[in-house]
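Below: the structure, in structure tokens.
In each ligand, atom 1 is the first atom listed, and ligand 1 is the first ligand listed.
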Amino acid sequence: MSMGNKNKWWRNAVVYQIYPKSFQDSDGDGIGDIPGIISRLDYLKKLGIDAIWLSPVYRSPQDDNGYDISDYQDIEPMFGTMEDMEQLFAEAKKRGIRIMMDLVLNHTSDEHRWFLEAKKSKDNPYHDYYVWRDGEEGVYPNDMNSVFGGPAWEWVPELGQYYFHQFSVKQPDLNWENPKVRQECCDIVDFWADLGVDGFRCDVLDFISKDFANNKMNDGPRLHEYVKQLFGREKVKHLFTVGECQSDTESICSICGKDRDELKSVFQFEHIGLGRSDKYTPAPYSASQIKDVLVKWQNFTAEHDLLYILFTDNHDQPYFISRLGNDKELRYECATAYAGMFYLLKGIPFIYQGQEFGSANSRYEDIDSFNDVETVNYYRENCDKKPHDALIDEINYGSRDNTRRPIAWTKEKPTRGFTSGTPWLKMPSRAEEINLEADKSAYKSIIGFYKKILALRKSSDVIKYGNFKDLTQGDDCFVFEREKNGEKIIVAVNFEKANSLKLPSCLTGENFELLLCNYDEKDDFAPDFAPYEIRVYHKR
Ligand code: GLC
């Protein structure tokens with residue numbers, strides 16, 4: 001039975017990602033926690049969000065900040081208890097906020113009970129839950145490297161075997177070819193579905209089926225079968241499931257296609273890859289490339305009737321405005337222009353914590369100010385190979401810690417309302433200038449603009465469901481139309497330099513009115529646009 005659109009709550013939702021460790025501490029231990037999240041629900045409601053994607057809060061040794069899970073059915077004590085989690089579900093529900101959890105099923109922690117058993121002997125019932133190769137110490141089964149640096153194989157002398165880890169050495173990959181593993185994973189999904197979770201963001205989901213024959217770790221031959229087993233079951237078909245997948249056009253169609261019973265959507269990362277040659281090295285780009293990617297995916301998802309996720313930031317990337325915009329003298333203009341440019345398109349907005357008040361990258365000079373396992377490994381691997389200053393520049397540019405630093409809620413020094421103790425990771429280096437309290441009271445308030453954008457979205461079926469049409473003429477700008485049953489909204493965004501835009505000829509005061517702009521406008525329809533100016537027009 002297919003679900004009517006009525007039940008697909010996500011079709012008109014705005015989702016907000018919380019990175020629990022850095023969101024709000026309630027007990028002074030310097031680490032954000034679940035009661036802290038509960039205390040901020042009213043703030044989120046006022047912002048205009050409908051659902052939370054909660055990065056992992058399961059029991060975990062925190063080698064990769066919770067993406068290394070040692071018990072999927074329990075809560076990490078630093079975040080709270082199962083009772084706290086149930087209270088979060090209840091308090092969120094009272095406010096009409098849905099909860100999506102992060103589902104990390106490609107790997108577990110090496111401290112998970114299954115792995116502790118698996119390591120005991122080759123004939124242990126859990127041994128085959130993981131991926132092993134016989135071998136000789138120092139002679140790796142193949143030359144595959146882990147995403148976080150170094151070989152993807154770790155030697156276990158007691159067994160005379162290597163285990164495979166796509167990520168850190170403390171994150172052994174599960175062997176999805178084992179039907180018992182698949183059953184355990186279904187049980188985990190059901191456990192949280194029974195507790196009332198509304199959806200899942202599925203961590204590196206395309207890695208669960210591996211293609212060792214071709215040394216290819218994602219999109220393996222059994223991916224669709226596995227995902228269907230996980231989410232195609234009647235009991236869980238109602239969940240909003242979004243995959244983190246390295247998907248191109250073809251694989252998106254196959255994993256998210258209607259009636260496939262696999263995923264509702266995936267994150268598409270093409271725009272995130274712009275402007276760099278690798279994670280730590282910038283490369284030339286133009287904002288028009290961001291526009292081109294958005295146009296491509298708006299058209300593609302419309303053509304194939306797929307849901308597109310609209311996002312700029314998450315916990316794995318430096319801030320978007322810092323890397324692909326201007327976080328200095330045009331921070332307000334850039335943050336608001338990009339918010340309108342993404343969140344007025346067709347799709348489902350995902351906002352990352354802090355983005356709504358223009359948070360930006362930090363600058364720190366020593367490796368002790370960083371925590372991320374990927375960053376620290378990169379530093380260690382390169383500190384004898386590269387000049388120190390250059391390496392520190394690279395890390396400041398690309399580290400995932402940029403977006404993982406605690407939220408600066410207030411002006412209050414030194415911990416800005418995040419904690420009464422010592423933060424687990426240094427506060428953002430620009431917290432004096434960039435904090436929620438300062439932004440809220442500023443004349444040019446980023447959160448004020450976000451609220452307007454989200455409220456407009458909420459009130460407008462044209463923005464939620466209308467067709468998309470690219471009307472851009474010329475360079476360095478993006479002009480698009482949204483239309484439903486003759487009702488129209490036109491959004492015009494200028495990029496970094498002052499520019500005279502070729503606006504559509506229909507855009508006159510007789511036909512349209514200006515709904516929203518991030519500058520004080522003198523003439524609503526003048527072609528001259530200031531740096532990062534955005535205007536949103538509505539057809540009368
Ligand atoms: C995903 C997560 C990232 C994590 C990795 C391994 O990419 O977003 O934070 O380190 O998977 O679980």
Chain-and-number sorted residues having a heavy-atom contact under 4.0 Å with ligand 1 are Asp64, Tyr67, His107, Phe148, Phe167, Gln171, Arg201, Asp203, Val204, Glu244, His315, Asp316, Arg400, Arg404
Across all chains, not counting sequence neighbours, the side chain to side chain donor-acceptor pair (under 3.5 Å) partners of Gln298 are none
Margin query: Could you tell me if Tyr226 and Glu177 have a donor-acceptor pair between their side chains, going purely by distance under 3.5 Å?
Written below: no
Rounded to the nearest 0.5 Å, the CZ atom of Arg233 sits from the CG atom of Asp261 at a distance of 11.5 Å
Exercise. Using a distance-only test with no angle check, is there a side-chain donor-acceptor pair under 3.5 angstrom linking His224 and Glu262?
Worked result: yes
- Does the pair Arg400/Asp64 count as a salt bridge with the N-to-O cut at 4.0 Å? yes
Which of parallel (below 30°), tilted (30 to 60°) and perpendicular (above 60°) describes Phe164 and Phe212? perpendicular
